[in-house]
Amino acid sequence: MTREAILKGKAFKFGDNISTDLIIPGRYAYLRSNLPELAKHTMEDADASFTTRVRPGDFIVAGNNFGLGSSREHAPLIIKMSGIAAILAKSVARIFYRNAINQGLPALICNTDRIDDRDELEVNLAAGTIKDLTNGAQLTFGKIPPVMLAILNEGGLIPYIKKYGDFKL
Amino acid sequence: MGQTLSEKILSQKSGVEAKAKDIVIAPLDLVFVQDTTGPLTIKQFQESNFKSVAVPEKCAIFLDHATPSPSLELSNDHLLLRHFADETGCFISEVGEGVCHQIVAENFANPGDIIVGADSHTVTTGALAAFATGMGSSDVAIALALGKTWFRVPETFQILLTGNFPEKVGAKDLVLYLIGKIGADGANYKALEFGGETISSMSLSQRLTIANMAIEAGAKVGLFPSDEVTLTYLQSQGRGHKYKPLQPDTNATYEKIIPINVNQLEPMVALPHSVDNVAPVHQLKNTKVHQVFIGTCTNGRLEDLAIVAEILKNKKVHPKTRLLVTPASRNVLKQALKAGYIQTLIEAGAVLLPPGCAACLGLHQGVLGDEEVCLSTSNRNFKGRMGNPKAYIYLASPAIAAATALTGKITDPREIP
């Protein structure tokens, strides 16, 4: 599906109900037109050391209702800027889900209980499977709806519209 | 086949029979942004090489989240938004006019409309039987340019309300109770549709409070049918001709029906740091409060200020507690001045802030200190929401807020003589 079908990286594990205020607090709204500065505060109130530890290709792994709250698309945008290759969660809040896909950031719905913080993961986007290389667990994730898959495959909504000029459902 | 309100509106607008789970493309009656999501929306719009919006009179920009601007960066964002409005002919609501959702209710939303806004509380005008939902900047950028967007038709939970509200118990207590019952993700991707005998006696203001918080259970929309109350409100706003009756079919298919007898409700409070962490007010007695914040798209309307003024009349705010009051719009402020509520609040010791979002999202006008406690009539109490991750936010009704401002502790409004 996307550019690279097999993704490999480490898990950054979070719990349930990680709000958009934890991902990027409202107090930094004055930086929203300065994305590199804004991105320095990614996940700050959930894990203050996140931006110094994350490496390109890593994954955010969470529980239920990831990204609840505000419609601020800056949340998935700066998660993607930080190098995160995909979000794995038991469920993702509706607006965040659509925003992540629109930013070309895969949000994958799966049971994340068996993944621990810092586990090494291999995600096969085309096959819909996740391998935890640290503990050997094999997981599958739910299908991304076709309309959103088409948007994700173009790298997000803006590249999709630039290519097609309209919604092609 | 019988249709829910969501299916009905999306069918009427898309021109195809829309059933839950279908994907439809529908034209939009209003597309809007506010000042903290607008700049990214414009960036996405320009990156897509669009020069003009599809229908300028159906596009709006609201300066409300950071108004008057507390920083040069946000002032420059405002300049960008004003420039975009000048170039494209979009409506712009200036500093001091009020919160986008209140102004959309006052001036734009009609039964059967489809509205998308780059703000999660766009659901508010579901109170007027408009299919109104929040989206991100990319979706709204494309919606501005094309005048349409795609929707997944949501499955619906019907909230069936019976009985009458007890004294000093109202819409906020009901919606907090509901969110506590189903959880912060209890209605993720779903529509909430309110029905039952109680709604005909609920004012439009109360309906706006409830629809506003549908998103706090994850819902895509919070819809009320249109009725006499809707018609009277539209007439009062000079839009009586925009009224149309809109009810779900009696044989509509609901994924779940949640009955609530409002007779049994008590004044409710949401505890830190989650909106579904709900308890009756009597369990929180003696919780010390440093700041009370009354206002927002949830509870900053005339009816809310009337409740507060009644409780505060000829009394003084507790000396160790700050009371901040923000009317939801200039229109609300004007009416509250005329009714004498503002005079009452000021004499009681309240600090009046200009119409807008104010302290709700932690940018300015009431940022909390470390370990401080705020009781707010707003809709979110997430950690860090009011500008400080070391502070604590409780959510409650205007009646609880006013009673709490008097005593300095979370207080049951029924205990204020």
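Letters A, B, ... are given to chains in the order of the sequence lines, protein chains preceding strands, and every chain is numbered from 1. These numbers come from the heavy atoms of this one structure, side chains and all, not from hydrogens, waters or symmetry mates.
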Legend entry - Polar contact flag, side-chain donor to acceptor under 3.5 angstrom, B/R380-A/S19: no
Legend entry - Distance-only side-chain donor-acceptor flag, A/R32 / B/T36, under 3.5 Å: yes
Winner by heavy-atom pair count (cut-off under 4.5 Å) against chain A, out of [options]:
| options | result |
| --- | --- |
| B/H121, B/E73, B/E216 | B/E73 |
| B/D276, B/T149, B/D35, B/N49 | B/T149 |
| B/L80, B/N388, B/I142, B/L72 | B/I142 |

Heavy-atom distances under 4.5 Å only: say whether [X] touches chain A with side chain, backbone, both or neither.
| X | value |
| --- | --- |
| B/A66 | neither |
| B/K43 | side chain |
| B/F45 | neither |
| B/D77 | side chain |
| B/T41 | neither |
| B/Y189 | both |
| B/S71 | side chain |

State the [atom1]-[atom2] distance between [X] and [Y], to the nearest 0.5 angstrom.
| X | Y | atom1 | atom2 | result |
| --- | --- | --- | --- | --- |
| A/S70 | B/D119 | OG | CG | 7.0 Å |
| A/T20 | B/R385 | OG1 | CZ | 7.5 Å |
| A/R94 | B/D185 | CZ | CG | 13.5 Å |
| B/S137 | A/R72 | OG | CZ | 11.5 Å |

Under a 4.5 Å cut-off applied to non-hydrogen side-chain atoms, are [X] and [Y] in contact?
| X | Y | value |
| --- | --- | --- |
| A/I161 | B/F50 | yes |
| A/F167 | B/L146 | yes |
| A/E73 | B/T37 | no |
| A/H74 | B/P39 | no |
| B/N188 | A/N64 | no |
| B/K148 | A/D166 | yes |
| A/N102 | B/Q44 | no |

Legend entry - Where A/G26 and B/L363 come nearest, the two heavy atoms and their spacing: O-CD2, 3.2 Å
Please flag which part of [X] lies under 4.5 Å from any non-hydrogen atom of chain B: side chain, backbone, both or neither.
| X | result |
| --- | --- |
| A/N34 | neither |
| A/I18 | neither |
| A/L77 | side chain |
| A/Q103 | side chain |
| A/L68 | both |
| A/N99 | side chain |
| A/S91 | side chain |
| A/Y97 | side chain |

Legend entry - For chain B, the option from A/G69, A/A93, A/A29 that forms the most heavy-atom pairs under 4.5 Å: A/G69
Inset, instruction - Sequence neighbours left out, what passes ring pair (Phe, Tyr, Trp, His ring centres under 6.0 Å) with B/F293? Give chain and number order. - result: none
Legend entry - A/K131, NZ atom: more than 12 neighbouring heavy atoms under 6.0 Å: no
Legend entry - Within 6.0 angstrom of A/K8 NZ, more than 12 heavy atoms from elsewhere: no
Legend entry - Side chain B/K383, main chain A/A46, donor-acceptor under 3.5 Å: no
Inset, instruction - For the pair B/D139 and A/R98, evaluate salt bridge (charged side-chain N to carboxylate O under 4.0 Å, His left out) and give the outcome as yes or no after the intermediate values. - result: CA-CA 9 Å; B/D139 272 318; A/R98 196 158 159 157; 2.8 Å; yes
